[in-house]
Amino acid sequence: MPPCPGALAHQILAMICSTPLSVWYDGQCPVCRQEVVLYRRIDKKHLIDWIDIGALSDDQLPPGKSRDDLLGRFHARPAGNDGQHGNGDGYRIGVDAFAAIWRQLPGLNRLAFVFGTPGLRQLAQLAYLGFLKWQRRHRARRIAATTG
């Protein structure tokens with residue numbers, strides 16, 4: 001596993017290296033914000049770096065990811081990940097991101113096996129896809145309300 005880059009200009013890369021897991025979330029989504037509040041409360045050891053996508057400039061987005069990529073599905077990435085797991089670039093996306101988060105958190109770490117259990121994984125994936133449809137509709141309404 002290659003070491004984390006130390007002298008890179010991007011502040012986001014430094015954050016990725018400072019905690020075991022970095023998670024990008026939609027800070028404009030009320031459900032997402034509440035979920036992050038809950039997870040932060042549980043994460044007393046600060047094992048997860050929560051990154052609000054909306055608060056990032058384009059220069060602070062992770063290399064190879066667009067804002068639309070990150071807003072389209074939940075992304076998590078373990079520090080120093082060499083791309084051997086996940087989707088080839090080291091990211092855990094969607095249900096796999098939730099599994100990575102739960103593995104880090106006390107109490108939830110005992111339930112993370114759910115995401116790897118056949119049948120339960122597919123059920124979690126269906127629920128997540130349903131949430132994404134709901135969230136896209138509400139994001140479009142939020143954007144329309146602020147622009148018009």
> Which residues pass the side-chain contact (heavy atoms from CB on, under 4.5 Å) test with Asp68, not counting sequence neighbours?
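Asp68 satisfies side-chain contact (heavy atoms from CB on, under 4.5 Å) with Ser66 only.
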> Who passes side-chain contact (heavy atoms from CB on, under 4.5 Å) against Arg139, sequence neighbours left out?
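Arg139 satisfies side-chain contact (heavy atoms from CB on, under 4.5 Å) with Asp26, Leu71, Gln135, Arg136, Arg142, Ile143 only.
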> What residues form a salt bridge (charged side-chain N to carboxylate O under 4.0 Å, His left out) with Arg40, not counting sequence neighbours?
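Once residues adjacent in sequence are excluded, Arg40 has no partner under the salt bridge (charged side-chain N to carboxylate O under 4.0 Å, His left out) criterion.
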> Where do Ile51 and Val23 land on the side-chain contact (heavy atoms from CB on, under 4.5 Å) test, with the steps shown first?
CA-CA 6 Å; Ile51 304 164; Val23 177; over 6 Å; no
> Return yes if a side-chain donor-acceptor contact under 3.5 Å exists between Trp102 and Tyr39, otherwise no.
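Yes, a side-chain donor-acceptor pair sits under 3.5 Å.
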> Tell me if a side-chain donor or acceptor on Asp43 pairs with a main-chain N or O of Ile48 at a distance below 3.5 Å.
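Yes, the answer is positive, given that a donor and an acceptor are paired below the 3.5 Å cut-off.
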> Would Ile93 and Phe74 count as a side-chain contact (heavy atoms from CB on, under 4.5 Å) here? Give the steps.
CA-CA 6 Å; Ile93 299 174; Phe74 208 31; over 6 Å; no
> Taking His75's backbone N and O only, do any of them form a donor-acceptor pair with Arg77's side chain (distance below 3.5 Å, no angle check)?
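No: the side chain of Arg77 does not pair with the backbone of His75.
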> How are the rings of Phe98 and Phe115 set to each other: parallel, tilted or perpendicular (split at 30° and 60°)?
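Rings of Phe98 and Phe115: parallel, as their planes differ by under 30°.
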> Does atom CZ (Arg67) have a neighbourhood of more than 12 heavy atoms from anything else shown, all under 6.0 Å?
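More than 12 heavy atoms, drawn from other residues, nucleotides or ligands, come within 6.0 Å of this atom.
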> Test your reading of the model: is there a side-chain donor-acceptor pair from Gln60 to the backbone of Ser57, 3.5 Å cut-off?
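A pair under 3.5 Å: yes.
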> Donor-acceptor pair, distance only, cut-off 3.5 Å: does the side chain of Tyr91 make one with the backbone of Lys65?
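No.
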